[in-house]
Structures are given as structure tokens and as C-alpha cells.
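What follows is one structure encoded as C-alpha cells, with my remarks underneath.
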Amino acid sequence: MIRGRLSCIARGRPILEILTGCVQKPIARTIAASSPAWAKKMPDRPQPLDESDFTEAFLKGSGPGGQKINKTSSAVQLKHIPTGMVLKVQATRSRTQNRKIARQMLAERVEELEKGKESRVAVIGETKKKRKSSAVKKSKRKYRLLDEAKSGVKEIKEDKGLGPGQGEERG
């Protein structure tokens, strides 16, 4: 009996498992894939528009990309009939990718016209604006503190009777 248990130890099984006979399950760590409860939920992405709501045309591209971009009709122009909005997209050299991007952009713009500040694009823009202003404030605060620290060092030197650049050791 002991010989069998010793052979289990040699195989690398935990001693507690061998003596008690029960297998310990490893502790699983759960990973939360969702956002915290306090975080504001983003609005859903806009639904694709009906094919009958817009016209689609393929145009010759322009700009960087060489002769290939100028010869092929890979740029996409969408016109939303109810609003009269025209959108031209030439993000890539691929016509299918440009079509997909153009349809997404048109759906976002139409949603922004309909919903205003509650649209997904407006909410994302607002959060980016807040983050940017926060970063600018933090940067200004940092440099203000550095300037205060430098002026404090200058005042201490002047109190000791040392001029600027004096009293520093050189090595």
C-alpha cells in the first residue's frame, strides 16, 4: 500500500491528493469581459441604411498611390437621397473596403443628424474632448509645479547671497 502511494509521489501528484484520495481542482480565475457597472454604456452602432435610401457610384481615385489609384475606379461616392448628403470615400485601394467604410460613415452621419448629442459619434467625440482637456490640465499643472520648484531654488540661492550660476559644484 505504501509502495503504491510512493510511486504516485514520484509521478508528481500532490501528497494531499494521494493521502486523502480526493482530487483538488485548480482555482480558476475569472476574467471580466464586460465593463464595470459604474461605466457609462456607449450607444449602439447605427444600423446599416436601406439600399433604396442611397445611390452608389464608383469614381476614379486621386492622390498618392501612383498610376494604379488613378486608373481604377476604387473610390466610392454615396448620396443619401432623403437628406441629399454626399459622401466620397477613398481610404484604401480596395473597392470593397471603401464600400464598407463609406456605408458605415454614411450611417453614422445620418444618425448624428437624427439624434444629435445622443448619437454614438457625438458621445465618442465628447469623451475624447474630456480626455484631451484633462491631459492638457495635467500637463499645465506639471509645468507650473516645475516652474515653482525652480523659482524656489533661485530664491534660496539669492537668500544665501549667491548669484545665478554660483554655488553649484562642477565635477
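- Between Q67 and K71 the shortest side-chain heavy-atom distance falls below 4.5 Å.
- Side chain of N98 to main chain of S74: a donor-acceptor pair is present (N/O by atom type, distance under 3.5 Å, no hydrogens or angles).
- I101 and V86 fall into different hydrophobic clusters, where Ile, Leu, Val, Met, Phe, Trp and Tyr side chains are chained together by heavy-atom contacts under 4.5 Å.
- Nearest approach of P82 to D53, heavy atoms of both residues: CD-O, 3.3 Å.
- Under the 4.5 Å side-chain contact rule for hydrophobic residues, L106 and V121 do not share a cluster.
- No side-chain heavy atom of E118 sits less than 4.5 Å from a side-chain heavy atom of V123.
- Few gaps surround CD on E148; more than 12 heavy atoms of other groups in view lie less than 6.0 Å from it.
- To the nearest 0.5 angstrom, T83 atom OG1 is 9.0 Å from E114 atom CD.
- Between S119 and G116 the shortest heavy-atom distance is OG-O, 3.0 Å.
- Going from atom CD of Q104 over to atom CG of L87 covers 11.5 Å, rounded to the nearest 0.5 Å.
- There is a path of hydrophobic side-chain contacts, each under 4.5 Å, that joins L113 to V110.
- Tested against E56, the residues K88, R95, K100, R103 include a single salt bridge (Lys or Arg N to Asp or Glu O under 4.0 Å) partner, R103.
- Other cluster members for L146: Y143, joined by side-chain heavy-atom distances under 4.5 Å among Ile, Leu, Val, Met, Phe, Trp and Tyr.
- In this structure, NZ on K79 lies 8.0 Å from CD1 on I81, to the nearest 0.5 angstrom.
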Please tabulate, one pair per line, all N/O donor-acceptor pairs under 3.5 Å involving side-chain atoms of residues 128-135, not counting sequence neighbours.
residue, atom, partner, partner atom, Å
S133, OG, K129, O, 3.4
S133, OG, K130, O, 2.9

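- Side-chain contact check for S94 and T92: no donor-acceptor pair (N or O, by modelled atom type) lies under 3.5 Å.
- Linking Ile, Leu, Val, Met, Phe, Trp and Tyr whenever their side-chain heavy atoms come within less than 4.5 Å puts M85 and F54 in one cluster.
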